Protein chains: 4
Amino acid sequence: MSEDRSEEPKPRRRQARGERRIAQLLQAAANVFCANGYTASSTNAIAREAHVSPGTLYQYFPNKEAIAIELGERLLHEMREAHGQAFVPENLALPLPRLLDAVVDPMIEFNCANPVFLALMHGSEVPGRIAEEHDALHASLLARVQEVIAHYAPGLPGPDRARVADMTFATFKGGLDLVLAAPEGPERDATIAELKTLLLRYLAPLTDEAAPASPR
Amino acid sequence: MSEDRSEEPKPRRRQARGERRIAQLLQAAANVFCANGYTASSTNAIAREAHVSPGTLYQYFPNKEAIAIELGERLLHEMREAHGQAFVPENLALPLPRLLDAVVDPMIEFNCANPVFLALMHGSEVPGRIAEEHDALHASLLARVQEVIAHYAPGLPGPDRARVADMTFATFKGGLDLVLAAPEGPERDATIAELKTLLLRYLAPLTDEAAPASPR
Amino acid sequence: MSEDRSEEPKPRRRQARGERRIAQLLQAAANVFCANGYTASSTNAIAREAHVSPGTLYQYFPNKEAIAIELGERLLHEMREAHGQAFVPENLALPLPRLLDAVVDPMIEFNCANPVFLALMHGSEVPGRIAEEHDALHASLLARVQEVIAHYAPGLPGPDRARVADMTFATFKGGLDLVLAAPEGPERDATIAELKTLLLRYLAPLTDEAAPASPR
Amino acid sequence: MSEDRSEEPKPRRRQARGERRIAQLLQAAANVFCANGYTASSTNAIAREAHVSPGTLYQYFPNKEAIAIELGERLLHEMREAHGQAFVPENLALPLPRLLDAVVDPMIEFNCANPVFLALMHGSEVPGRIAEEHDALHASLLARVQEVIAHYAPGLPGPDRARVADMTFATFKGGLDLVLAAPEGPERDATIAELKTLLLRYLAPLTDEAAPASPR
DNA sequence: GATGAATGAGGATTCATTCAT
DNA sequence: TATGAATGAATCCTCATTCAT
């Protein structure tokens, strides 16, 4: 609050306030989106949750969609910064079960801490048509999965790899729903373990060159 | 539901007319829900799609939610009637890959023919809190999965079985999204095959006592 | 109001009600447009003036602009029906002063009775850029003026005729403002007379081949 | 307004700065009013156009209306200073056609250079009720016209003179609309010439005592 | 002064639902 | 039964204006 006079305090202050407001609004949006889903959330409700007037909200975001987009981007960055090391080369060298731990655990942790993330991924709730807004979020994560798969199953042709990545990701999302729905505690832990088992069983044959890749 | 033959036809007519209206409205609702998602669908739009006035719609359904519920129930019944034999004892005796074919294929077929089904399951899009309306739908299907799992892995303790069923079902839903998003044709077929592979790899160890259950 | 039972009364009633509502809404819009101008008039205010809810207004008009358009068209039709005979061949045969009486008087009368007309012509208040919505209204009237001028000054080249028509019409509009601003009574009458004098002096030389056309 | 030379420069600076701000804001307002009309112009848009914050705008003007008023007054002064000599006695001695040139040409030039002027005269677009804000502007110009007419037609009784002045001015405004709407170049020039013809034909009989003043 | 964040009432428009016919 | 007119609260968003810094 007191001005440090050897620096540029005015703009700093202003921007700091603006940033705080934005964060506050995004947090409020996260709460409201979680509670009602994106479509059913109103900008007025978000403003109310943030204890600001609707006008204030619109000073920072041009419309509802922009809030979701910004929220998604922030979450993505946050996730990368917090758990980005999951995809470092060292981890890629791990055996699959360990890699799954390294990738899935922080991901789940992050989603437990930020349940909006899933809410945004479920997006505009229209199946078979993913809203552009959430596309980026989705695409970015999918790319990660593809990388890992490419590393583990280098022999897999591109289209197959894409399909496996899609399926892996879809499965993970489905499992994540379950994890978030489970009450925190042993039940949730067991669900997490089960999800890892599922992914492991699915992906192990891809990397296991000796074994017949698929029993079909 | 079963037809009593040889009785008073007049009231039957009335009911028949009502039934036709209801079917018409539900079909319209299905279209609209598919196009826009449940939340973004308006009852006026449904009435319009059904070539009926809003007042008429409310003569058959007390509110929007009731439409979704009834639609879900009908779809469930339809699914049971059309593909209920998937769960007959004969199928339960099949080896797992065959059972998967027997269960998954009609299920996917049904969902391709009735994409609302998935739309309703995604429900009110709020993760971690399944709307009561779609609960029944969900629960009913889950029960089926549990039965099959109970049959295939009789030694599995109850809680584990529930968890496996949940996970299986969640995975199936996730895969179904992918299938419906894929363009009809070879791509969709490949996605279906992949989904079955996934399920097979997940479930096979449960039933395959001789084999090492899990590579972990 | 009473039902003639040998005809189709139901639809008639409905349509009649709708028509009445539309008329009521347009009348309300006329009042509000007159009082505040188009831009500053709110649909809510129009609905309030019509003693209906905003929703009702939107059952008959898709948006504010549509109200202005419909209002303009109705006024135009009304004007044509009420005073369309001003342009009949008999009048065209009159000497210019009589023609001016025949054309200007009913026009002014109509505008006194329907002051919205002018409000709509002033349109979206942006000079040099006439809103499309009111264009039709404007164009239609202008065409009439051109016809008369073409008849009175057949030797006038096309572009000149257009210019004269534009100027005549602009002048008339300007004079109309004055007329409407004047308090009803002798002052208004004098203003009307003055406007006719103006128009006569402007147009007389065009038709009066014998006289020296213009002192310039 | 006139500069007192050789006095304290400090306060002058401040005022100078304030003056610059005001000029900047008024110029911005002019642009915005021209583009959207008065009603549809927002103070925020004006501030933005002036590259200034809304707060700054309100430091110089108490409200939106005050901006229009001040703008109108400045334009009036500017017009007087730039073209005020149009009304000097020498011009009044000219024959009417020459006087029209002397008065109309600079007026049109000024309006072409400052199209807001017309926008403000059209004012709040409500016909038959001239907003007080623009009243002054209007009245001032009208007074000039009255003077000229009084000079040219000294025998005209007061009320008639007022009416003629009103009509002349209204006509001029209408013609000005046309002029500004015409594309710069020969078309605009022709429109200007036509407007002068119109005014000449209207006013000539007033001054031309020999001729029968009005054919009515 | 200058800033720009903040306000909250108000604007256009929609929607679930009701009601008179 | 069926209609569609009617409702009014709620939606998204804007704007004139104020205020703390």
Side-chain angles (χ1 to χ4, degrees), chain A residues 1 3 9-11 13-15 17-18 20-22 39-47 50-65 67, chain B residues 14 17-18 21 39-48 51-67, chain C residues 3 9-11 13-18 20-22 39-47 50-65 67, chain D residues 14 17-18 21 39-48 51-67:
Chain A
M1 288 298 154
E3 302 130 353
K10 295 288 178 46
R13 268 280 210 40
R14 297 254 161 74
Q15 286 175 12
R17 182 136 72 112
R20 236 179 298 131
R21 267 286 115 96
I22 289 179
T39 314
S41 298
S42 83
T43 54
N44 281 0
I46 294 172
H51 303 294
V52 297
S53 69
T56 296
L57 185 154
Y58 280 92
Q59 207 142 33
Y60 295 99
F61 300 99
N63 52 47
K64 192 169 119 178
E65 193 180 344
I67 303 176
Chain B
R14 292 245 171 93
R17 183 137 71 104
R21 271 280 119 100
T39 313
S41 296
S42 83
T43 53
N44 283 351
I46 294 171
R48 209 178 313 120
H51 304 295
V52 155
S53 71
T56 298
L57 184 155
Y58 278 88
Q59 214 135 28
Y60 293 97
F61 300 98
N63 52 46
K64 190 171 134 181
E65 194 181 344
I67 303 175
Chain C
E3 303 130 350
K10 293 289 177 48
R13 268 281 209 41
R14 297 252 161 77
Q15 287 175 11
R17 182 136 72 111
R20 237 178 297 131
R21 268 285 116 96
I22 288 178
T39 314
S41 297
S42 82
T43 54
N44 282 358
I46 294 171
H51 304 293
V52 298
S53 68
T56 296
L57 185 155
Y58 279 91
Q59 206 141 35
Y60 295 97
F61 300 98
N63 52 47
K64 193 170 119 177
E65 194 180 344
I67 302 175
Chain D
R14 293 244 170 92
R17 185 138 68 104
R21 270 281 119 99
T39 313
S41 296
S42 83
T43 53
N44 284 351
I46 294 171
R48 209 179 312 119
H51 303 295
V52 155
S53 71
T56 298
L57 185 155
Y58 278 89
Q59 214 135 27
Y60 293 97
F61 299 98
N63 52 47
K64 189 171 135 181
E65 195 180 343
I67 303 175

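A quick note: this is a predicted structure, and the numbers were derived from the prediction, not measured. Quick note on labels: first sequence line is chain A, next is B, and so on, each numbered from 1.
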Writing each nucleotide of DNA chain F 5' to 3' as (, ), [, ], | or . by Watson-Crick or G-U pairing under 3.5 Å yields .||||||||||||||||||||

With rounding to the nearest 0.5 Å, note down the distance linking CD1 in A:I22 to CZ in A:R20. 11.5 Å

For B:R21 and F:dA2, is the shortest distance between a side-chain N/O and OP1 or OP2 below 4.0 Å? yes

If I take atom NE2 in residue D:H51 and atom P in nucleotide E:dG4, what distance separates them, rounded to the nearest angstrom? 13 Å

Name each donor-acceptor pair under 3.5 Å that joins a side chain in residues 52-61 of chain C to protein atoms two or more places apart or in another chain, with its distance.
from: C:S53; atom 1: OG; to: C:T56; atom 2: N; distance (Å): 3.4
from: C:S53; atom 1: OG; to: C:T56; atom 2: OG1; distance (Å): 3.2
from: C:Y58; atom 1: OH; to: C:T43; atom 2: OG1; distance (Å): 3.4

Protein-nucleotide distance (A:F61, atom CZ; F:dT14, atom P), rounded to Å: 15 Å

Atom CD1 of A:I46 to atom C1' of F:dT11: distance rounded to whole Å? 12 Å

If the sugar-phosphate is the primed atoms plus P, OP1 and OP2 and the base is the rest, what is the B/S/- string for nucleotides 14-19 of chain E, using protein heavy atoms under 4.0 Å? BBBBBB

Shortest non-hydrogen separation from D:A66 to D:P62 and the atoms involved: CB-CD, 3.5 Å

Whole angstrom is fine here: how far is it from CD in A:Q59 over to C1' in E:dA6? 7 Å

Using a cut-off of 4.0 Å on non-hydrogen atoms, how would the nucleic acid contact of D:Y60 be classed: base, sugar-phosphate, or nothing? sugar-phosphate

According to a strict under-4.0 Å criterion, is D:S53 in side-chain N/O contact with OP1 or OP2 of E:dG4? no

